[in-house]
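One structure is given here, and the rest of the page talks about it.
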Amino acid sequence: MHSTSGYRISAILQADSPHRRLCRKLCTLLVLLVVTAALDPAAARSADNPLHDAIEAHWKWELDKAIQLYSRAVTASPDNARALFYRGAAYRAQGKMDKALDDFDAAIARTSNMPDAFFARGSILLESRQYEKALQDMDRVLKLAPDHDAALKIRARAELALGKPDAALADLDKAVKLNPVDPESYIFRAMAHHRKNQSDRAMADVERALKINPRDAQTWMIHGNLLVAAGQFKQALEDYDKALSLDPNNADALNNRGWARAADGNLEGALADLNKAVEIKPDLVRALVNRAWVFRQLERYDAALADYDQLIKLQAADAGILIERGKTLLDLGRPKEAITDFDQVLQSDPGSQEALSFRGQARETIGDYEGAIKDLDAAIAARGDDVRALAYRGSARYALKRYSEAVADFEKAVRLDPESAPPDLFYDLGKASFLAGDKDKAIKSFTRALELNPSHGLAYANRGVAYTNKGNDSAAVADFRKALTLIKEPQRIAAIRALLEDAEARLTPHPSNDSDSAGSSRGLW
């Protein structure tokens with residue numbers, strides 16, 4: 001059972017996606033264009049006015065000077081909404097969003113007829129994930145300026161975030177009609193189609209964006225993401241190659257190509273991409289998550305653990321990461337430390353099925369069988385098809401000599417996943433069945449284990465014991481002899497030889513041995 005923490009590839013659009021970052025730049029640029037369009041620089045130089053001087057400084061991107069001059073203009077005329085708006089735009093360009101919002105609020109308080117102020121404020125509110133407020137601001141913009149295509153895009157993004165893809169599609173359809181050569185409108189509309197599981201339409205929109213601007217690395221990456229979502233990994237790799245040919249240090253594209261390579265079975269190639277992505281951007285969470293997963297597939301558990309430790313530092317007590325680190329600690333044979341991680345998850349989410357299931361496994365591993373059964377009961381109650389939980393509960397019940405219950409768990413685990421059930425599961429079912437008194441079922445289970453793993457020496461030895469108890473000494477002798485060629489532990493070899501000698505003796509009866517009856521119960525349990 002594999003868990004994820006909600007990310008592997010960069011989605012079509014998400015909180016920190018490249019197209020969202022691009023939109024932030026475009027919003028800043030739109031505000032600046034409003035500012036600079038207000039007055040020609042030549043006119044500004046001739047005007048004895050702090051607002052004119054501020055606009056000239058803003059035009060030259062002398063932001064500190066512009067802010068000082070805007071402040072003088074505001075002091076001279078506190079109700080000057082335009083000066084407040086311009087100063088907010090300068091603050092925004094500096095990344096001082098709180099101050100920008102204060103100025104946009106003040107400008108709007110002084111006039112309700114400034115669509116640019118509503119747009120600027122709404123775009124910041126969208127970035128801070130205040131989607132309802134952003135939506136309201138874009139409503140005001142579009143009431144004042146119905147053909148404001150940038151506001152349509154911002155409103156559509158807020159609608160998508162609020163789970164309203166149909167409303168978003170309506171806005172983006174209009175934005176595309178207003179500006180049919182704007183690739184970003186097609187990208188956002190592709191996201192809306194994707195949310196509605198309209199994969200063909202999403203792909204068509206991304207392809208339109210690529211026709212408009214075929215040299216945009218981010219759009220090639222998004223095209224690849226859609227192919228990954230459709231399971232077309234080889235085709236997606238071609239898109240990521242194109243994206244990286246245009247932008248070789250694009251950490252998101254490297255991460256996505258790494259995941260596509262992993263999904264296509266090329267783990268070493270995936271690792272190379274993910275290593276480079278992390279080198280470029282050490283805090284790229286998706287790349288660390290994916291690299292840790294690849295390390296686990298390559299059984300490089302120490303390296304995976306190091307990535308999970310780094311993720312914990314970046315994301316504090318993220319439940320998904322804690323579970324993955326706990327699983328890695330189990331792989332490393334450190335179940336007590338794994339329990340600490342699962343405990344932390346269960347403190348905040350007592351009903352976490354995955355944490356209960358793996359903590360049950362860890363408890364079974366350290367011999368806390370009652371605690372394991374308690375956890376695994378809860379995990380199985382929440383998800384009855386958890387094969388691993390059933391197998392570990394069966395093992396715990398077996399250890400407590402509750403053999404019939406163990407048989408029931410092992411049989412259900414096999415029944416749920418007959419094609420993937422490992423040989424040891426059938427081996428465990430055989431042992432439990434034998435001790436529960438069902439020797440025929442034991443023989444059948446050991447036989448299945450041997451079909452899956454012909455080198456399973458203990459399955460031969462224990463099937464031999466079951467045959468002995470059925471009175472089939474000739475079959476038992478064949479199994480014991482085969483087991484001796486596979487088992488290396490001296491104590492077990494001695495026990496099997498003793499069993500073999502007993503079975504061979506019964507096949508060659510002597511008058512003095514009449515008391516030796518078939519069906520010796522001595523075994524390897």
Side-chain angles (χ1 to χ4, degrees), residues 1-3 296-297 299 326-328 330-333 335 338 353-354 356-467 469 479 482-483 486-487 489 492 523-525:
M1 181 168 56
H2 177 65
S3 164
R296 288 191 66 201
Q297 305 315 298
E299 298 185 0
K327 289 160 63 175
T328 304
L330 283 173
D331 292 331
L332 287 166
Q353 192 275 340
E354 194 171 13
L356 285 164
S357 181
F358 280 98
R359 189 174 71 176
Q361 174 183 339
R363 284 178 163 173
E364 191 277 339
T365 303
I366 65 173
D368 177 11
Y369 302 119
E370 294 289 359
I373 289 171
K374 182 179 178 181
D375 277 348
L376 295 166
D377 281 347
I380 292 165
R383 202 188 111 192
D385 63 347
D386 187 340
V387 171
R388 203 200 70 268
L390 285 161
Y392 276 97
R393 188 174 70 177
S395 295
R397 286 172 163 174
Y398 178 90
L400 293 172
K401 300 184 179 180
R402 293 159 56 178
Y403 301 123
S404 295
E405 294 175 33
V407 168
D409 277 344
F410 293 141
E411 283 190 318
K412 185 174 181 182
V414 168
R415 190 165 58 249
L416 285 168
D417 194 8
E419 298 301 321
S420 302
D424 279 342
L425 183 54
F426 288 100
Y427 173 70
D428 289 340
L429 175 58
K431 290 195 301 179
S433 298
F434 180 88
L435 292 172
D438 192 337
K439 298 175 182 62
D440 289 329
K441 185 180 291 183
I443 290 169
K444 182 179 178 181
S445 299
F446 290 135
T447 300
R448 180 58 180 153
L450 288 165
E451 288 171 355
L452 295 170
N453 180 9
S455 299
H456 202 309
L458 287 176
Y460 277 111
N462 285 288
R463 188 175 69 174
V465 172
Y467 278 134
N469 278 265
D479 274 353
K482 182 66 174 179
L486 297 170
I487 291 174
E489 298 89 344
R492 282 179 169 157
L524 302 178
W525 323 108

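No hydrogens, no waters, no symmetry mates; every other heavy atom, side chains included, goes into these values. Note that this is a predicted model, so its numbers are computed, not measured. Position 1 is the first residue of the sequence, and the numbers go up from there.
The side-chain contact (heavy atoms from CB on, under 4.5 Å) test applied to Ala338 returns Leu329, Leu330, Phe342, not counting sequence neighbours. Listed by chain and number, the residues in a side chain to side chain donor-acceptor pair (under 3.5 Å) with Asp331 are Arg296 (sequence neighbours excluded). Lys439 is linked by a side-chain contact (heavy atoms from CB on, under 4.5 Å) to Phe434, Asn469, Lys470, counting only residues two or more places apart in sequence or in another chain. With sequence neighbours left out, the side chain to side chain donor-acceptor pair (under 3.5 Å) criterion links Glu489 to no other residue. Every salt bridge (Lys or Arg N to Asp or Glu O under 4.0 Å) that Glu411 has, sequence neighbours left out, goes to Lys441. Qualifying side-chain contact (heavy atoms from CB on, under 4.5 Å) partners for Ser404, counting only residues two or more places apart in sequence or in other chains: Ala436. Legend: residues meeting side-chain contact (heavy atoms from CB on, under 4.5 Å) with Ala483, ordered by chain and number and at least two apart, are Tyr460, Ala461, Ile487, Ile496. Legend: residues meeting salt bridge (Lys or Arg N to Asp or Glu O under 4.0 Å) with Asp417, ordered by chain and number and at least two apart, are absent.
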>> Between Asp438 and Val407, does the side-chain contact (heavy atoms from CB on, under 4.5 Å) criterion hold? Intermediate values first, please.
In response: CA-CA 10 Å; Asp438 192 337; Val407 168; over 6 Å; no
> Would Leu376 and Leu356 satisfy side-chain contact (heavy atoms from CB on, under 4.5 Å), going step by step from the backbone distance to the final call?
Replying inline: CA-CA 7 Å; Leu376 295 166; Leu356 285 164; over 6 Å; no
>> One pair to check against side-chain contact (heavy atoms from CB on, under 4.5 Å): Lys431 and Phe446. What are the steps and the verdict?
In response: CA-CA 8 Å; Lys431 290 195 301 179; Phe446 290 135; 4.1 Å; yes
Distance-only donor-acceptor pairs under 3.5 Å for side chains of residues 358-369, two or more places apart:
unit_1	atom_1	unit_2	atom_2	d
Arg359	NE	Asp375	OD2	2.7
Arg359	NH1	Asp343	OD1	2.7
Arg359	NH2	Asp375	OD1	2.9
Gln361	OE1	Arg388	NE	2.8
Gln361	NE2	Tyr392	OH	3.3
Arg363	NH1	Asp375	OD1	3.4
Arg363	NH1	Asp375	OD2	3.0
Thr365	OG1	Gln361	O	2.8
Asp368	OD1	Gly371	N	3.1

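Sorted by first and then second residue, the salt bridge (charged side-chain N to carboxylate O under 4.0 Å, His left out) pairs with a member in residues 419-430 form an empty list; sequence neighbours excluded. Sorted by first and then second residue, the ring pair (Phe, Tyr, Trp, His ring centres under 6.0 Å) pairs involving residues 400-425 (not counting sequence neighbours) are Tyr398-Tyr403.
His456 NE2 to Asn462 CG: the interatomic distance, rounded to the nearest 0.5 Å, is 9.0 Å. Atom CZ of residue Arg383 and atom OG of residue Ser357 lie 7.5 Å apart, to the nearest 0.5 angstrom. Interatomic distance, Ile373 CD1 to Arg397 CZ, rounded to the nearest 0.5 Å: 6.0 Å. Taking NZ of Lys412 as the start and CG of Leu429 as the end, the distance is 15.0 Å to the nearest 0.5 Å. Between the CD atom in Glu405 and the CG atom in Leu400 there is a gap of 9.0 Å [rounded to 0.5 Å].
Among all heavy-atom pairs drawn from Leu390 and Gly384, the shortest one is CD1-O, 3.9 Å. Closest non-hydrogen pair, Ala406 versus Gly394, comes out as CB-O, 3.3 Å. Nearest heavy atoms, Ala421 versus Leu452: O-CD1, 3.6 Å.
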